[in-house]
Amino acid sequence: MGTKKISLTGIKPTGMPHLGNYLGAIKPALEMANSDDFEGYYFIADYHSLTTVHKAETLKEYIYEVAATWLALGLDPKKVTLYQQSHIPEIMEMNWITSCFTAKGLMNRAHAYKAIVQDNEERKRDSDHGVNMGTYTYPVLMASDILFLKSNVVPVGADQLQHIEIARDIASSFNYVYGDIFTLPEAKVQEGDLVPGLDGRKMSKSYDNHIPLFLPEKKLKKLINKIKTDSSEPSVPKNPEDSIIFDFYKLFATKEQIVDLDAWFRRGIGWGEAKLELFNVINDHLKGPREIYNELMADKSKIDKILEEGAARVRPKAQEFLIEVKKSIGVL
Ligand code: TRP
């Protein structure tokens with residue numbers, strides 16, 4: 001401990017993740033989190049969700065879902081500190097301080113905000129329609145999340161790269177005035193597998209072609225049966241390379257299973273049989289985590305305890321560093 005580099009990442013709670021999130025982001029992040037090379041911190045960015053989720057029960061459920069998902073998939077809270085952003089009020093103090101070193105123009109140029117403005121303009125609405133200050137200053141809070149723990153590495157998806165750049169900019173503006181107080185973070189882009197959705201396009205909630213991770217078996221089977229196929233007879237040889245079912249299968253199956261299914265396709269396979277093979281291989285993968293997920297969601301006190309322990313580990317660090325920052329700006 002101590003000399004290890006700090007790796008930190010935030011997960012915005014927005015509902016149960018899907019298979020695409022798992023293979024594209026969660027799995028590579030877990031591999032990094034569980035490695036011994038870093039001191040890892042994973043937190044639930046609940047205040048970031050508050051920019052859009054304005055229903056108390058929904059937000060609460062999302063927070064538990066995201067915590068249960070990561071724990072079920074193998075995040076070891078003894079190795080990695082898991083906490084909830086809003087449990088660390090020091091981040092909010094940090095947020096004000098960092099906001100005073102954030103050029104307004106920097107926020108105007110943030111992709112997420114610009115996309116909303118552009119959409120509003122296309123719909124001939126006021127350009128700031130639906131934009132609250134939380135949405136606008138989202139990147140400042142993200143910088144505060146990162147800087148208060150002196151994070152060295154931030155594993156993120158490519159869509160978050162600009163936010164890490166912004167955090168570096170803010171840290172540099174501050175350090176330019178007060179010396180080397182903030183650590184400049186580096187982004188580490190998580191490149192997992194690109195997962196197709198049920199219709200062959202990228203899996204995404206917004207396309208409604210996704211498979212939520214912890215569906216009950218029956219529902220999982222039903223969704224897999226929805227994958228579009230042509231009407232060719234079972235006896236007709238099929239090219240596995242043209243099939244989403246096969247693409248999917250490869251993401252979960254062992255080498256031997258892949259070779260076997262490839263041969264079966266070329267001999268002729270019924271689509272129903274192919275879908276059943278796919279269901280089995282995905283289900284084998286998710287069965288264990290699904291059980292753990294359901295247990296955690298049925299008795300949330302375990303999650304509460306893990307998050308409390310996480311906050312207890314993080315808060316003293318936050319308080320200590322905040323004193324240093326406050327001294328440097330002259331309020332202490
Ligand atoms: N904005 C990130 C996302 O939507 C979540 C996030 C919040 C985050 N704070 C962070 C990620 C700090 C990394 C570091 O995915």
Side-chain angles (χ1 to χ4, degrees), residues 5-18 20-30 32-33 38-53 59 62-63 65-67 69-70 75 80-92 94-95 98-99 102 106-107 110-116 131-132 134-171 182-192 204-206 307 310-311 314 317-318 321:
K5 284 201 169 180
I6 293 185
S7 151
L8 165 138
T9 201
I11 312 142
K12 192 160 80 166
T14 52
M16 189 194 284
H18 55 66
N21 300 137
Y22 170 55
L23 295 176
I26 301 177
K27 200 164 161 239
L30 280 172
M32 181 165 172
F38 295 94
E39 191 178 318
Y41 294 87
Y42 276 63
F43 71 93
I44 301 169
D46 51 353
Y47 276 153
H48 278 104
S49 285
L50 187 64
T51 61
T52 54
V53 182
L59 184 56
Y62 283 179
I63 292 166
E65 276 180 7
V66 101
T69 299
W70 285 73
L75 186 111
V80 178
T81 303
L82 180 69
Y83 63 97
Q84 188 172 331
Q85 182 185 38
S86 63
H87 290 177
I88 319 291
E90 288 77 14
I91 297 174
M92 294 301 126
M94 191 63 97
N95 194 50
T98 49
S99 76
T102 307
L106 199 58
M107 297 297 96
H111 299 321
Y113 168 68
K114 269 173 62 179
I116 302 173
V131 178
N132 58 49
T135 307
Y136 185 60
T137 61
Y138 186 109
V140 184
L141 180 55
M142 207 168 138
S144 310
D145 290 332
I146 295 169
L147 298 176
F148 93 95
L149 257 180
K150 306 185 193 175
S151 314
N152 302 102
V153 184
V154 185
V156 282
D159 63 321
Q160 297 294 313
L161 272 180
Q162 190 197 26
H163 288 149
I164 312 302
E165 278 308 310
I166 292 174
R168 290 173 65 93
D169 270 7
I170 297 173
F182 286 135
T183 303
L184 265 55
E186 266 168 50
K188 184 168 188 300
V189 178
Q190 302 281 0
E191 285 184 276
S204 160
K205 247 189 207 170
S206 51
L307 293 176
V314 168
K317 291 181 199 288
F321 185 45

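In each ligand, atom 1 is the first atom listed, and ligand 1 is the first ligand listed.
Of the protein's heavy atoms, Tyr138 OH, 2.7 Å lies nearest to atom 1 (N) of ligand 1. In this structure, the protein non-hydrogen atom closest to atom 12 (C) of ligand 1 is Met142 CG, 3.6 Å. Counting protein heavy atoms only, atom 6 (C) of ligand 1 is closest to Gly10 O, 3.8 Å.
Here's the thing with Asp145: one of its N/O atoms is less than 3.5 angstrom from an N/O atom of ligand 1.
When atom types are taken as modelled, the side chain of Gln190 and the backbone of Ala25 share no donor-acceptor pair closer than 3.5 angstrom. With hydrogens and angles disregarded, no donor-acceptor distance shorter than 3.5 Å links the side chain of Tyr47 to the backbone of Met92.
To the nearest 0.5 angstrom, Tyr62 atom OH is 12.5 Å from Thr69 atom OG1. With rounding to the nearest 0.5 Å, the separation of CZ in Phe182 from OG in Ser144 is 7.5 Å. Leu147 contributes atom CG, which lies 8.0 Å from atom CG of Leu184 (distance to the nearest 0.5 angstrom).
No hydrogens or angles considered: nothing links the side chains of Asp46 and Ser49 as a donor-acceptor pair under 3.5 Å.
If you number the atoms of ligand 1 from 1 as listed, the ones under 4.0 Å from a heavy atom of Ile146 come out as 12 (C), 14 (C). Here is the list of ligand 1 atoms found below 4.0 Å of a heavy atom in Ala45: 7 (C). Near His48, meaning under 4.0 Å from any of its heavy atoms, are these atoms of ligand 1: 7 (C), 9 (N).
If you look at Val154 next to ligand 1, the close heavy atoms, those under 4.0 Å, all belong to the side chain. With a heavy-atom cut-off of 4.0 Å, Val156 touches ligand 1 through its side chain alone. Counting heavy atoms closer than 4.0 Å to ligand 1, residue Gln160 contributes side-chain atoms (C-beta onward) but none from N, CA, C or O.
In this structure the side chain of Lys317 reaches within 4.5 angstrom of the side chain of Tyr41, judged on heavy atoms.
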